[in-house]
Amino acid sequence: MSHVEDRLYPDDVLFVASLVVANHDDRRPCQQCTEQGCDQLAWAKSLVDLAAANMAQFRALVGSC
């Protein structure tokens, strides 16, 4: 039987968050977008901003998930 590890990696999380922000900046909406806005964009911007301000805190946050 193989073991699957369910773990988030900070670099991967930051990469995905950066893609979400970049796609929205380029006016490419995601599947979560509505006329009221996008929860995914707010989440992604928060992560990117945290990583830019304090990478250690960002890594600790991702490590706690």
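We count residues from 1, following the sequence as given. Everything quoted here is computed from the prediction, not taken from an experiment.
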### Task
Applying side chain to side chain donor-acceptor pair (under 3.5 Å), name anything that partners Asn23, two or more places apart in sequence or on another chain.
Arg28
### Message
According to side-chain contact (heavy atoms from CB on, under 4.5 Å), who are the partners of Ser18, at least two apart in sequence or on a separate chain?
### Response
Leu14, Val48
#### Entry: Qualifying salt bridge (Lys or Arg N to Asp or Glu O under 4.0 Å) pairs, either residue in residues 47-56, two or more places apart
none
### Message
Minimum heavy-atom separation for Ala17 and Ala44, please, with both atom names.
### Response
O-CB, 3.5 Å
Could you go through residues 50-65 and list every donor-acceptor pair under 3.5 Å that involves a side-chain atom there, pairing it with any protein atom two or more places apart or in another chain?
| from | atom 1 | to | atom 2 | distance (Å) |
| --- | --- | --- | --- | --- |
| Asn54 | OD1 | Ala56 | N | 3.3 |
| Asn54 | OD1 | Gln57 | N | 3.0 |
| Arg59 | NH2 | Asp11 | OD1 | 3.2 |
| Ser64 | OG | Leu61 | O | 2.6 |

### Task
Scan for side-chain hydrogen bond (donor to acceptor under 3.5 Å, both in side chains) pairs involving residues 34-44, sequence neighbours excluded, and state none if there are none.
Thr34-Gln36
